[in-house]
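What follows is a set of notes on a single structure, which appears directly below.
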Amino acid sequence: MIFSELYNSGLRLLEENGIDDSRFECDNLFRFACGVNKTELLTHPECKADKQQCERFLSLVKKRCSGYPLQYILGSWEFMGFDFAVGEGVLIPRPETELLVLEAEKLINKNRSTVIFDLCAGSGAIGLSLAARNENTKVYLFEKYKGALSFLEENVKRLSVDNAEAVECDVLREPSSLPEAPDIIISNPPYIKTGELPLLQREVHFEPQTALDGGDDGLLFYRAILKNWVIRLKRGGTLLLECAEDQSEQLLSLFSSVSSETETIKDFNNIDRIVKITV
Ligand code: GLN
């Protein structure tokens with residue numbers, strides 16, 4: 001089979017199986033499976049694909065058609081311009097979470113070291129991007145699950161940051177000894193209500209439920225952050241939390257006893273996505 005025929009048969013399968021953005025996904029799968037990028041495909045459509053390329057591409061297309069996330073197939077995904085290792089056992093970084101990084105950067109003081117805690121760090125997308133983009137920071141990334149920690153540790157190496165450290169830790173428990181007091185606590189914790197998990201799109205069912213499940217009302221982790229972590233902040237420090245669209249008001253009232261200043265920040269879909277609390 002020639003490249004263009006192989007590509008088109010994959011594209012058709014993706015379309016028939018209701019994959020949005022099927023052309024983008026097909027380009028990615030073709031490049032990944034056949035080692036042929038879009039330009040090479042366009043300039044040499046008549047080039048013959050070998051048996052291995054055909055089998056590999058079509059089997060990955062079928063896997064994708066079953067709902068398996070593209071990001072897990074590719075094994076890496078871009079966030080803040082960095083290529084993060086992702087796969088089963090870790091949440092895929094979402095584009096709206098980049099806003100959380102940008103908000104934190106507004107608070108980083110260039111003239112002295114800023115200590116940042118990233119709670120429920122997963123792949124490390126938030127904390128490692130901050131560490132890589134801002135030399136004068138020290139970032140500690142707290143994560144409980146071994147499956148996620150292995151990606152996190154790989155990403156520390158990938159981004160070759162020496163100002164970041166992964167810490168195995170359950171955010172729901174009171175931390176025992178902490179390395180230093182943070183200026184910023186940042187977190188995209190699990191915040192989906194348990195009852196809503198079955199309603200999520202099918203790709204999300206392949207992601208770790210532990211990274212999504214925020215308990216009956218979705219606020220389990222925010223309560224733990226209030227109880228166990230906020231007191232660790234330096235005076236005048238800031239908490240930056242990602243949340244679901246209906247949670248910002250609840251978060252502001254939950255944290256009202258410790259907040260001196262608050263702000264809610266919308267994402268590019270005009271949804272309240274970040275709550276910023278200064279203590
Ligand atoms: N934003 C994610 C989603 O919509 C949820 C991430 C989380 O629970 N922190 O699937």
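In this text the structure is predicted, and so the values were computed from the model without any measurement. Read the numbers this way: they start at 1 and go in the same order the structure lists the ligands and their atoms. Note that the numbering runs from 1 along the sequence shown for the chain.
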Query raised in the report: Does G214 reach ligand 1, in the sense of a heavy atom lying below 4.0 Å from it?
Result: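 Per 4.0 Å heavy-atom rule, G214 does not contact ligand 1.
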Query raised in the report: Knowing that exactly one of L241, L141, I225 qualifies, which makes a side-chain contact (heavy atoms from CB on, under 4.5 Å) with L119?
Result: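 Single pass found, and it is I225.
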Query raised in the report: T238 and E103: side-chain contact (heavy atoms from CB on, under 4.5 Å), yes or no, with the steps?
Result: CA-CA 11 Å; T238 306; E103 279 304 318; over 6 Å; no
List every atom of ligand 1 that sits less than 4.0 Å from any heavy atom of [X], numbering the atoms from 1 in the order shown and giving each element.
{"X": "N188", "answer": "7 (C), 9 (N)"}
{"X": "A211", "answer": "7 (C), 8 (O)"}
{"X": "L212", "answer": "5 (C), 8 (O), 10 (O)"}

**Report entry** Residue and atom name of the nearest protein heavy atom (relative to atom 8 (O) of ligand 1), distance in Å to one decimal
**Finding:**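 Closest protein heavy atom to atom 8 (O) of ligand 1: Y191 N, 3.1 Å.
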Report task. Just need the protein heavy atom nearest to atom 9 (N) of ligand 1, so name the residue and atom and give the distance. Result ->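 Going by distance alone, atom 9 (N) of ligand 1 is nearest to P189 O, 2.6 Å.
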Query - Ion pair check, E5 and K48, cut-off under 4.0 Å - result: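 Salt bridge flag = no for K48 with E5.
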Query - Flag, side chain of Q209 to backbone of E207, donor-acceptor distance under 3.5 Å - result: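 Confirmed, Q209 side chain pairs with E207 backbone.
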Report task. Apply salt bridge (Lys or Arg N to Asp or Glu O under 4.0 Å) to K138 and E165, showing your working. Result -> CA-CA 8 Å; K138 175 75 206 217; E165 205 176 297; 3.3 Å; yes
Requested in this report: With heavy atoms only and a cut-off of under 4.0 Å, state how A244 meets ligand 1: side chain, backbone, both or neither.
Outcome: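 For A244, no heavy atom sits under 4.0 Å from ligand 1.
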Query - Among R94, Q201, E245, E242, closest by any non-hydrogen atom to atom 3 (C) of ligand 1 - result: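 It is R94 that holds the nearest heavy atom.
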Query raised in the report: Checking R56 against F32: charged group under 6.0 Å from the ring centre and within 45 degrees of the axis?
Result: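 Pair R56/F32 counts as cation-pi.
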